[in-house]
Amino acid sequence: MTIRKILTAPDPRLRKISEPVEKVDDELRRLMDDMLETMYDAPGIGLAAIQVGVAKRVIVMDLAEKDQEPEPRYFVNPEILNPDEKTTPYEEGCLSVPDFYEEVDRPISCRIKYLDYDGNPQEEEATGLFAVCIQHEMDHLEGILFVDHISRLKRERILKKLRKEQKLAASA
Ligand code: GNR
Ligand code: NI
């Protein structure tokens, strides 16, 4: 497994719409393995393929607490079904928007349909942090970042700081 580089905003690749996966094969599993290792290394609780520059509809996640056994989860071609009309705010962060945290409102629960690591179809209910995280990751597949859900002023301020940091890093 290989740790891949995580793209950070305002990298234009993060704005691409990811393509459906045609087949869950060993090559795709290699990508998912790399994504999981990259996510654990960061560390983060979820990662979409586009965050490592691959525009495929693939997400990995692990919501286990630090003192628990790891619970890696893989979502290929995920779809959201009947999201709850009720929304709730959660303070979100993103590995592609490092060190910024803002409250985002999202449906409190939803059903999700996807293919698992072996390519088998699955359907389940997502609530709590799972619902927050899967919706955050699904946004990545559409080129959407959590900062797109906050005020334009806050978003521009964050993106400007990130742009500046990247310029400084590039010149060092
Ligand atoms: O690690 C992550 N934590 C997090 C916290 C609150 C809401 C969403 C997330 S996902 C984020 C990892 C990430 O950027 N996934 O795309
Ligand atoms: Ni993210």
Side-chain angles (χ1 to χ4, degrees), residues 1-19 21 28 31-80 83-84 86-110 112 114 117 124-151 154-159 161-163 165-166:
M1 288 199 273
T2 313
I3 294 169
R4 304 202 190 187
K5 196 176 139 16
I6 297 177
L7 305 179
T8 52
D11 191 308
R13 286 171 286 181
L14 289 167
R15 296 310 193 172
K16 280 196 196 166
I17 294 175
S18 294
E19 295 287 339
V21 169
L28 191 81
L31 168 67
M32 293 195 280
D33 293 345
D34 284 359
M35 285 170 61
L36 196 74
E37 197 181 13
T38 304
M39 182 192 82
Y40 285 143
D41 177 69
I45 59 173
L47 193 74
I50 195 62
Q51 293 180 275
V52 293
V54 178
K56 288 187 179 163
R57 302 185 82 81
V58 177
I59 290 165
V60 297
M61 196 184 295
D62 191 329
L63 302 176
E65 301 284 343
K66 281 193 196 78
D67 56 352
Q68 286 182 316
E69 283 292 302
E71 285 171 30
R73 318 180 53 142
Y74 310 86
F75 305 89
V76 177
N77 297 344
E79 290 170 53
I80 289 186
D84 203 311
K86 249 180 80 192
T87 64
T88 189
Y90 192 89
E91 187 168 88
E92 297 196 14
C94 180
L95 294 172
S96 296
V97 188
D99 303 321
F100 293 94
Y101 302 87
E102 295 289 345
E103 278 199 346
V104 175
D105 278 302
R106 297 188 191 271
I108 209 159
S109 69
C110 59
I112 51 166
Y114 60 96
Y117 193 79
E124 65 185 296
E125 187 75 10
T127 62
L129 183 58
F130 183 23
V132 172
C133 194
I134 195 73
Q135 292 177 77
H136 172 114
E137 304 308 339
M138 296 281 303
D139 269 358
H140 278 300
L141 306 188
E142 303 301 323
I144 298 168
L145 300 172
F146 82 89
V147 292
D148 298 333
H149 295 290
I150 63 179
S151 77
K154 279 188 183 168
R155 177 171 58 254
E156 292 305 327
R157 207 184 294 156
I158 289 171
L159 293 175
K161 282 184 193 157
L162 287 172
R163 214 174 282 127
E165 276 171 26
Q166 282 168 42

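All ligand and atom numbering here is 1-based and tracks the order in the structure.
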Open item on the list: If we set the cut-off at 4.0 Å for heavy atoms, which region of Y90 has an atom near ligand 1: side chain, backbone, both, or neither?
Closed with: side chain

Task: Pair N77-Y114, side chain to side chain donor-acceptor pair (under 3.5 Å): steps then yes or no - done: CA-CA 6 Å; N77 297 344; Y114 60 96; over 6 Å; no

Open item on the list: Ignoring hydrogens, what is the shortest heavy-atom contact between E137 and A48? Give both atom names and the distance.
Closed with: OE1-N, 3.5 Å

- [ ] Using a strict cut-off of 4.0 Å, indicate which atoms of ligand 1 neighbour a heavy atom of G44.
- [x] 1 (O)

Task: Least distance between heavy atoms, R4 atom then T38 atom - done: N-OG1, 2.9 Å

Task: Minimum non-hydrogen distance to atom 2 (C) of ligand 1, winning option of I45, I50, L14 - done: I45

Task: T2 vs E37, side chain to side chain donor-acceptor pair (under 3.5 Å): CA-CA, chis, key distance, verdict - done: CA-CA 7 Å; T2 313; E37 197 181 13; 5.6 Å; no

TODO: Return a yes/no value for A48: is any of its N or O atoms, backbone included, closer than 3.5 angstrom to an N or O of ligand 1?
DONE: no

TODO: Of the side chain and backbone of H136, name the one, both, or neither that has a heavy atom under 4.0 Å from an atom of ligand 1.
DONE: side chain

Open item on the list: Please list the nearest protein heavy atom to atom 14 (O) of ligand 1 with its residue and the distance rounded to 0.1 Å.
Closed with: L95 N, 2.8 Å

- [ ] Return the residue, atom name and 0.1 Å-rounded distance of the protein heavy atom closest to atom 13 (C) of ligand 1.
- [x] G46 O, 3.4 Å

Task: Close side-chain approach of K16 to I50, heavy-atom, < 4.5 Å - done: yes

Open item on the list: Out of all atoms in ligand 1, which are within 4.0 Å of some heavy atom of C94? Include the element for each.
Closed with: 14 (O)

- [ ] Around atom 15 (N) of ligand 1, find the nearest protein heavy atom and jot down its residue, atom name and distance.
- [x] E137 OE2, 2.7 Å

- [ ] Go through the steps for V147 and F100 under the test side chain to side chain contact (heavy atoms under 4.5 Å, CB included), then give the verdict.
- [x] CA-CA 9 Å; V147 292; F100 293 94; 5.9 Å; no

Task: atom 5 (C) of ligand 1: the protein heavy-atom neighbour that sits closest, reported with distance to 0.1 Å - done: G93 N, 3.8 Å

- [ ] Using a cut-off of 6.0 Å, state whether more than 12 heavy atoms not belonging to E65 lie near its atom CD.
- [x] no

Open item on the list: Tell me the nearest of M61, M138, E92 to atom 7 (C) of ligand 1, using heavy-atom distances.
Closed with: E92

Task: Any N or O of P43 closer than 3.5 Å to N or O of ligand 1 - done: no

TODO: Give the minimum heavy-atom separation between Q51 and C94, together with the two atoms involved.
DONE: NE2-SG, 3.7 Å

Task: the Ni ion (ligand 2): protein N, O or S atoms [distance under 2.8 Å] - done: C94 SG, H136 NE2, H140 NE2

Open item on the list: Please determine whether any non-hydrogen atom of Y101 lies less than 4.0 Å from an atom of ligand 1.
Closed with: no

- [ ] Could you pull out the closest heavy-atom pair between M1 and D33, with the gap in Å?
- [x] SD-O, 3.1 Å

Task: Nearest heavy atoms of E79 and M138, plus distance in Å - done: CA-CE, 4.0 Å

Task: Nearest heavy atoms of A49 and K56, plus distance in Å - done: CB-O, 3.5 Å

Task: Criterion side-chain contact (heavy atoms from CB on, under 4.5 Å) against M32, the qualifying member of I59, V58, L47 - done: V58

Task: Row check, F130 ring normal vs R73 NZ/CZ: under 6.0 Å, within 45° - done: yes

Open item on the list: If we set the cut-off at 4.0 Å for heavy atoms, which region of Q51 has an atom near ligand 1: side chain, backbone, both, or neither?
Closed with: side chain

